[in-house]
Amino acid sequence: MPPLFPALTGEARTPGRPALRFGDRSLTYGELAAVTDTLAARLKDAGRVAVWATPTMETAVAVVAALRAGVPAVPLNPKSGEKELGHILGDSAPSLVLAAPDDELPPPLGELTRIDVEVDAGSGATVGDESRATVGDEAGARGGGAGTAPTGDSAGEESAALVVYTSGTTGPPKGAVIPRRAITTTLDALADAWQWTADDVLVHALPLFHVHGLILGVLGPLRRGGAVRHLGRFDTAAVARELSAGATMLFGVPTMYHRLAEALPADPELAKALGGARLLVSGSAALPVHDHERIAAATGRRVIERYGMTETLMNTSVRADGEARAGTVGLPLPGVELRLVEEDGTPLTAYDGESVGEIQVRGPNLFTEYLNRPDATAAAFAPDGWFRTGDMAVRDPDGYVRIVGRKATDLIKSGGYKIGAGEIENALLEHPGVREAAVTGEPDPDLGERVVAWIVPADPQSPPPAGELASHVAAHLSPHKRPRRVHYLSSLPRNDMGKIMKRALKTHE
Ligand code: MCA
Ligand code: AMP
């Protein structure tokens, strides 16, 4: 198999070139090859491995090492609450967990063998006991490694590379099994669309437990032989600093571009930095046209959008050499087949900018299955094998896709995170002060949508405070799933079947 990262282990090795930078820590390709050599050798035959996916160098090293070892990695949101974490660990059954030496891991991870990821190329760290071992010493000693450890490139293209957990409308998150083939296909298609090369330096601040930040934002630059500079957390000044200091591309979710648009009028340095970028790319949710226009007006540069999903990786994009039309996600990427279908499954033939259908896709960019969920996997595909995205769109006469909404009203996109209403409702119902609960999304200028809870308290005289419910959801699931507003009702509107009528909730305000 051709290597996943030719600049790291292939004939095109470039050991002296910068690969990763997180804050003031950086690794060249040679150093990255060395530290991942040792770690990959230890992971061989490990089965699935969990990665405590903080926005740090250790996460990037751990995932690259797992890929080189040919073992599937399960990135864990380090802010996952106990219930969410328990579910993911139970479902994915990793054999060990990779974490930075200083990370404190919560109890559900305590029972797993832990491997500390030591990434300082020159460090002389030692290998610890069975349950807490340190990796990186041999790598450091060799520095600039030659890539002699398992490269993982003998692992088949269909073998699982990552298992990424993603929310559905109901129930706990599902683990999307992403094969190596999907990763290489999507990254090479984006390289074609964006003229993405080894000379590009990407800056971003995305979390590393989702497709956007991890596959596009870390594995993407490494596949090209270019560099990534991760900011640790999003900050407009840090974006300006990096784009003024050699970075060529920015990846972000619409909330980040919204915050840039807000900051631009008072910050000429930021405008200059964004204006000098080769490519500003937004994805994970729709970027409002208003923010597109504000950024273009202040910087002279247009943000381009690409459209993807955990299960499909990237489906469409505006091309670097194409027209950056606000409000569209561009054209299907090379290798991706895309169709719009009516409610009854009939494909739409119109390219009229008006006829709305569900986007269905087919191609080598797709996931293999939901782990342990053959039922959900089967339901995700149409009878003729196309994947149902649940996104509704129209096509312009020149083929540009314009997303107009979602099929499921119970899916909320907040800050670029997909959040299932059912999962939050279940968590709220576990709070002793809650008798009934419904969750909806409502527009939010910063987050796109915000999570809203509608509660019937167990005791109307002392309803649980909104902050307490938010913390309850944050502690059980994840902070980004917490309700940002709570309404208290005496009953929830239900139809004759007893089903909650969510549309009627809005009128209760
Ligand atoms: C607040 N916090 C709490 C509570 N309230 N923690 C516990 N209990 C509480 N009650 C903490 C949070 O943990 C966080 O901590 C801080 O307060 C702020 O949280 P929040 O308000 O949620 O963050 P934000 O500032 O609003 O974040 C905006 C953001 C973020 C940075 C844009 O939403 C983000 O990173 N989004 C990216 C999502 C993404 O990558 N999606 C890709 C999936 P602290 O301060 O310590 O952080 S989609 C995908 O992959 C597909 C393929 C695609 O197309 O891309
Ligand atoms: P996730 O399941 O978290 O990977 O999120 C995938 C979903 O994000 C898609 O099904 C879309 O609804 C949404 N999405 C991703 N990129 C875009 C975009 N550029 N414009 C609109 N929606 C998007």
Side-chain angles (χ1 to χ4, degrees), residues 53-55 75 77-81 162 164-169 173-174 176 178 182 186 204-217 231-236 251-260 281-288 292 303-318 326-330 358-359 361 365 367 380 387-393 401-408 411-420 444 446-451 465-484:
T54 54
N77 174 357
K79 292 207 179 106
S80 278
L162 291 165
V164 177
Y165 278 81
T166 179
S167 292
T169 49
K174 302 187 286 283
I178 300 173
T186 225
H204 77 89
L206 292 156
L208 299 187
F209 47 85
H210 276 311
V211 164
H212 194 169
L214 182 62
I215 299 186
L216 272 58
L231 301 174
R233 62 184 306 144
F234 181 77
D235 171 40
T236 56
F251 290 177
V253 293
T255 300
M256 295 172 179
Y257 284 102
H258 175 79
R259 292 179 186 179
L260 290 167
V281 187
S282 176
S284 302
L287 181 63
H292 266 290
V303 177
I304 65 166
E305 285 194 69
R306 95 292 179 285
Y307 156 66
M309 239 179 128
T310 303
E311 293 87 337
T312 66
L313 305 191
M314 294 304 114
N315 295 313
T316 73
S317 183
V318 171
T328 83
V329 293
E358 182 194 2
I359 301 177
V361 292
N365 52 315
F367 75 141
F387 178 77
R388 312 174 201 260
T389 66
D391 293 309
M392 307 300 289
V401 176
R402 203 178 277 275
I403 295 173
V404 296
R406 256 191 320 269
K407 244 180 149 175
L411 280 182
I412 300 159
K413 263 274 166 166
S414 187
Y417 287 112
K418 181 149 88 181
I419 302 171
D444 182 281
D446 181 47
L447 296 170
E449 286 183 289
R450 72 176 87 99
V451 173
E468 186 179 313
L469 293 175
S471 293
H472 171 82
V473 172
H476 275 64
L477 303 177
S478 279
H480 66 261
K481 297 180 180 174
R482 71 190 189 275
R484 312 271 175 152

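Whatever order the structure lists ligands and atoms in, that order sets their numbers, starting from 1. Residue numbers count from 1 along this sequence. All values derive from a computational prediction rather than experimental measurement.
Taking a 4.0 Å cut-off on heavy atoms, Val211 fails to register as neighbouring ligand 2. Residue contact annotation: Val164 has no non-hydrogen atom under 4.0 Å from ligand 1.
Residue Thr310 has at least one N or O atom closer than 3.5 Å to an N or O atom of ligand 2. Here's the thing with Asp391: one of its N/O atoms is less than 3.5 angstrom from an N/O atom of ligand 2. The N/O atoms of Arg306, backbone and side chain alike, include one that comes under 3.5 Å of an N/O atom in ligand 2. For ligand 1, none of its N or O atoms has an N or O atom of Met314 under 3.5 Å away.
Neither the backbone nor the side chain of His210 comes within 4.0 Å of ligand 2, counting heavy atoms alone. Only the side chain of Lys413 comes within 4.0 Å of ligand 1, judged by heavy-atom distances. For Leu447, every heavy-atom contact with ligand 1 shorter than 4.0 Å involves the side chain, none the backbone. At a heavy-atom distance under 4.0 Å, only side-chain atoms of Leu206, from C-beta outward, approach ligand 1. Looking at Glu305 against ligand 2, only its side chain comes within 4.0 Å, counting heavy atoms.
Across the listed options Lys79, Glu305, Lys481, Arg259, Arg259 owns the non-hydrogen atom lying nearest to atom 27 (O) of ligand 1. Of the listed options Ala408, Ser284, Gly416, Ser284 places a heavy atom closest to atom 15 (C) of ligand 2.
Although no hydrogens or angles enter the test, the distance criterion places a donor-acceptor pair under 3.5 Å between the side chain of His204 and the main chain of Leu206.
In terms of protein heavy atoms, atom 22 (O) of ligand 1 is closest to Arg484 NH2, 3.0 Å. Nearest protein neighbour of atom 8 (N) of ligand 1, counting heavy atoms only, is Ala474 CB, 3.3 Å. Nearest non-hydrogen protein atom to atom 17 (C) of ligand 2 is Ala285 N, 3.6 Å. In this structure, the protein non-hydrogen atom closest to atom 21 (C) of ligand 2 is Ala286 N, 3.3 Å.
Taking the six-membered ring where tryptophan is involved, the planes of Phe209 and His480 are essentially parallel, since the angle between them stays under 30° and well short of 60°.
Near Lys413, the atoms of ligand 2 lying under 4.0 angstrom from a non-hydrogen atom of the residue are 1 (P), 3 (O), 5 (O), 6 (C), 7 (C), 8 (O).
Side-chain atoms of Tyr165 and Asn77 form no donor-acceptor pair, as typed in the model, at a separation below 3.5 Å.
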